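Working notes for the structure below.
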Amino acid sequence: MTLRLHNTLSGAVEELKPLSPPEVRMYTCGPTVYNRAHIGNFRTFVATDVLRRALRHLGYKVTSVMNVTDVEDRIIKFAADAATDIKGFTEPWIAAFEQDMAAMRIEPHDHFPRATAHIPEMVALIERLTARGHTYTADGSIYFRIASLPEYGRLSRLDVAGIQAGTRVDNDRYEKENARDFVLWKLKSDEPKWAQWDAPFGPGRPGWHIECSAMSMKYLGETFDLHAGGVDLIFPHHENEIAQSQGGTGKPFVRHWFHVEHLLVDNETMSKSKGNFYMVRDLVDQGHRPDAIRYLLLQAHYRKKVNFSFEGLGHAVAALERIHSFVRRLPDASGDGPVTPEVEAAIAKAKQAFDEALSDDLNTPEALAAVHNLVSDGNSLLVNGLVSRSGAAALRATIEVFDRVLAVLLPSDEDRLSPEEQALFDERQDSRKRREFQRADEARKKLEGLGVILEDTPKGTRWRRGR
RNA sequence: GGUGGCGUAGCCAAGUGGUUAAGGCGGAGGUCUGCAAAACCUCUACUCAGCGGUUCAAAUCCGCUCGCCACCUCCA
């Protein structure tokens with residue numbers, strides 16, 4: 001099945017046509033590692049994770065790269081303040097990022113390259129750009145001359161000529177021919193030695209944009225299929241990547257640009273000054289479920305702003321529990337019969353709706369609706385005794401297929417009752433057997449206080465964690 | 001000023017020319033249950049910011065008005 005996906009380059013939803021199907025080569029702009037990533041960052045990373053999983057689900061083979069920006073003004077400053085160097089400073093933040101990624105159930109990428117490990121590639125690209133007449137030197141730094149590339153501004157639809165006439169003051173203190181020109185290689189003699197690299201054109205460090213051009217081309221080729229990031233990267237970052245890459249190779253850079261809208265908090269952009277700045281780690285430490293955060297993000301289409309709120313997070317938990325409850329009760333199905341036609345029909349309907357939703361510009365809200373419809377149908381069939389053991393297995397298998405894309409549908413099994421909880425649980429079971437309901441209810445109350453909710457079923461008593 | 005986008009039920013959110021406007025949360029009533037939870041059944045937008053237009057037909061296309069937002073600052 002093919003994927004129709006919005007392409008920022010054309011401004012339209014169009015079929016993704018990989019260069020060498022069934023392989024799709026994709027690149028996601030990753031984190032700048034000077035602190036924890038926040039929930040807004042993760043909206044983008046979750047969206048690209050689902051995109052990647054959806055591509056695989058639809059039959060593509062995906063090679064995925066995410067970069068780590070580990071050379072940048074703040075990193076150098078903070079590292080110097082901490083009397084360490086880049087590696088010493090960024091290593092813990094990279095580890096923290098990987099921890100958060102895992103919590104959000106984002107699959108590790110095939111390549112996770114660091115900028116500082118690819119300086120020679122960047123230097124080589126700058127030399128190619130110079131050879132093709134796209135650069136100039138000012139105060140020892142090397143700049144890209146946007147006037148040398150007529151198509152500059154196409155991705156972001158910026159009227160470059162109009163902007164040139166504008167009066168916006170650039171805060172860069174170097175001399176530039178044009179306010180929109182951007183730095184490829186910075187001469188920064190006032191910065192520590194460990195933040196400088198040798199190059200044929202003099203020591204210094206790379207500008208921000210060049211790393212993505214150099215690393216994406218190294219791992220994915222000079223032209224590749226899909227490049228992803230947050231909408232704020234369209235300009236200038238991605239525009240400049242295109243300029244550097246196409247300026248250097250003379251070939252098209254990326255065929256399909258995928259941009260994820262911003263997450264808002266209380267209908268405003270996140271900012272530290274507003275105090276609405278949430279780190280995934282903090283939310284998890286406060287006891288919020290990472291799967292619910294992920295669910296919340298998937299509930300909205302990736303091209304629409306989504307508002308993060310604790311109320312919304314609560315709704316997400318409730319919705320998620322409905323799905324998890326269904327999965328937990330599936331083993332209660334009995335009967336040796338074959339999968340009934342009713343179950344088969346429900347599964348077929350759900351699969352079709354699910355695939356169509358994903359194929360249509362990665363419509364995760366609609367994919368979730370397909371899941372919920374399957375849960376409704378499944379519950380109803382269970383009540384009516386139309387689900388045999390094999391039927392339950394088929395339903396479970398279907399949820400598992402869906403979950404390979406969404407990664408929120410299955411309740412975690414590793415959760416166990418603590419000894420204290422288990423004792424209360426056993427006590428209640430004994431009391432119930434003796435029909436001492438008062439005592440049984442007390443035990444239930446205590447467990448509830450510990451966040452364990454009991455459900456008595458014909459098959460025995462189940463428990464789950466909840467409020 | 002330039003560019004892009006949004007406004008659908010109490011809340012979140014699909015749908016973008018044509019059957020009864022998905023789905024979730026919440027709410028109301030009922031069934032089941034020692035109690036409860038879960039689940040099931042029924043109900044919960046005669047209507048898609050407002051006004052006008054195009055069309056046999058519009059939440060969906062066009063225009064205007066109102067409201068909100070993002071980017072044009074190395075911020076996902």
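These figures come from a predicted structure and were not determined experimentally. Residue numbers start from 1 in every chain, and the chains themselves are labelled A, B, ... in the order their sequence lines are given, proteins ahead of strands. Just so it is clear, the values below take in all heavy atoms, side chains as well, and ignore hydrogens, waters and symmetry mates.
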Taking atom P in both B:A22 and B:A45, what distance in whole Å separates the two? 11 Å
Any residue meeting side-chain hydrogen bond (donor to acceptor under 3.5 Å, both in side chains) with A:E311, in chain and number order, not counting sequence neighbours: none
Is a donor-acceptor pair below 3.5 Å formed from side chain A:R157 to base B:G5, judging by atom type as modelled? no
Distance-only donor-acceptor check, side chains A:D355 and A:H57, under 3.5 Å: yes
Go through the structure and list residues passing side-chain hydrogen bond (donor to acceptor under 3.5 Å, both in side chains) with A:N363, not counting sequence neighbours. none
Considering residues at least two apart in sequence or located in another chain, which fulfil the side chain to side chain contact (heavy atoms under 4.5 Å, CB included) criterion with A:K351? A:I347, A:T398, A:F402
Any strand is fair game: report the nucleotide pairing with B:G17 by Watson-Crick or G-U wobble, both distances under 3.5 Å, or none. none
5'-most contact on RNA chain B: A:S156 or A:R205, nearest heavy atom basis? A:S156
Between CD of A:E239 and P of B:U3 the distance, given in whole Å, is 16 Å
Without decimals, in angstroms, what is the distance between A:D100 CG and B:A76 P? 14 Å
Can a donor-acceptor pair be found between the side chains of A:Q352 and A:E356 at a distance below 3.5 Å? yes
For B:G27 versus B:G4, give the span between their P atoms, rounded off to a whole number of Å. 43 Å
Starting from the 5' end of RNA chain B, give me the residue, A:V306 or A:V375, whose nearest nucleotide shows up first. A:V306
Test side-chain hydrogen bond (donor to acceptor under 3.5 Å, both in side chains) applied to A:E436 - qualifying residues, sequence neighbours left out: A:R434
For atom P, what is the distance between B:A28 and B:A70, given to the nearest Å? 37 Å
Inter-nucleotide C1' distance (B:A59, B:A49), Å rounded: 12 Å
A:L263 near the nucleic acid: base, sugar-phosphate alone, or nothing, with a heavy-atom cut-off under 4.0 Å? base
Establish whether the base of B:A38 is bridged to the side chain of A:R329 by a donor-acceptor pair shorter than 3.5 Å. no
Taking any heavy-atom pair under 4.0 Å as a contact, classify A:H38: base, sugar-phosphate, or nothing. base
Check: protein-nucleotides 22-27 of chain B nitrogen or oxygen pairs below 3.5 Å:
{"unit_1": "B:G24", "atom_1": "OP1", "unit_2": "A:R322", "atom_2": "NH2", "d": "3.3"}
{"unit_1": "B:C25", "atom_1": "O2'", "unit_2": "A:H315", "atom_2": "NE2", "d": "3.2"}

What is the ring orientation for A:Y136 with A:Y143, classed by angle as parallel under 30°, tilted 30 to 60°, or perpendicular over 60°? parallel
Just jot down the side-chain hydrogen bond (donor to acceptor under 3.5 Å, both in side chains) partners of A:H324, sequence neighbours excluded, or say none. none
For the C1' atoms, the ones on B:U47 and on B:U8, what distance do you get once it is rounded to whole angstrom? 9 Å
Check the side chains of A:Y302 and A:D361 for a donor-acceptor pair under 3.5 angstrom, ignoring hydrogens and angles. yes
Between B:G34 and B:G29, how far is it from one C1' atom to the other, in whole Å? 23 Å
Looking only at side-chain N and O atoms, does A:R74 come under 4.0 Å of OP1 or OP2 in B:C75? yes
In whole Å, what is the span from the CG atom of A:N384 to the P atom of B:C32? 15 Å
In whole Å, measure the gap between the C1' atoms of B:G17 and B:C48 for me. 15 Å
Go through B:A70, B:A76, B:C11 for me and flag the one nearest to the A:T44 side chain. B:A76
Please work out if A:P236 contacts a base, only the sugar-phosphate, or nothing of the nucleic acid, heavy-atom cut-off 4.0 Å. sugar-phosphate
Between B:C12 and A:N307, is there an OP1 or OP2 to side-chain N/O distance shorter than 4.0 Å? no
May I ask you to say what A:R432 touches in the nucleic acid, namely base, sugar-phosphate or nothing, with a heavy-atom cut-off under 4.0 Å? base
Have a look at A:V260 and say if it touches a base, only the backbone sugar-phosphate, or nothing, with a 4.0 Å heavy-atom cut-off. nothing
Pick base, sugar-phosphate or nothing for A:G40, based on heavy-atom distances below 4.0 Å to the nucleic acid. base
Between B:A36 (C1') and A:R444 (CZ): distance, integer Å: 4 Å
Integer-rounded Å distance: B:C12 C1' and A:F310 CZ: 16 Å
Please pick, from B:G34, B:A39, B:C41, the nucleotide with the shortest atom-to-atom distance to any side-chain atom of A:V383. B:A39
Among B:C40, B:A38, B:G34, which nucleotide sits nearest the side chain of A:E455? B:A38
Tell me what A:N379 touches on the nucleic acid: a base, only sugar-phosphate, or nothing, going by heavy atoms under 4.0 Å. sugar-phosphate
Distance check needed: B:C68 P versus A:L264 CG, whole Å only. 15 Å
Taking a pair as Watson-Crick or G-U wobble with both distances under 3.5 Å, which nucleotide is matched to B:G1? B:C72
Is any side-chain nitrogen or oxygen of A:N363 closer than 4.0 Å to OP1 or OP2 of B:A14? no
Ion pair A:D282/A:R36, N-O distance below 4.0 Å: no
Tell me the interatomic distance from A:E261, atom CD, to B:G7, atom P, rounded to whole angstroms. 12 Å
Assigned partner base of B:G7, Watson-Crick or wobble definition, under 3.5 Å: B:C66
Pick from A:F310, A:Y295, A:Y278: which one makes a ring-ring contact (aromatic ring centres under 6.0 Å, His included) with A:H288? A:F310
Atom-to-atom span, NE2 of A:H237 to P of B:C71 - whole angstrom: 16 Å
Contact class for A:T69 vs. all strands (heavy atom < 4.0 Å): base, sugar-phosphate, or nothing? nothing
Under a 3.5 Å cut-off for both contacts, is B:C40 paired Watson-Crick or G-U wobble with anything, and if yes, with which nucleotide? B:G30
Contact class for A:L233 vs. all strands (heavy atom < 4.0 Å): base, sugar-phosphate, or nothing? sugar-phosphate
Give me the distance, rounded to whole Å, that separates B:C11 from B:U44 when you measure between the C1' atoms they each carry. 14 Å
Is A:K304 close enough to B:G7 that one of its side-chain N or O atoms is under 4.0 Å from OP1 or OP2 there? yes
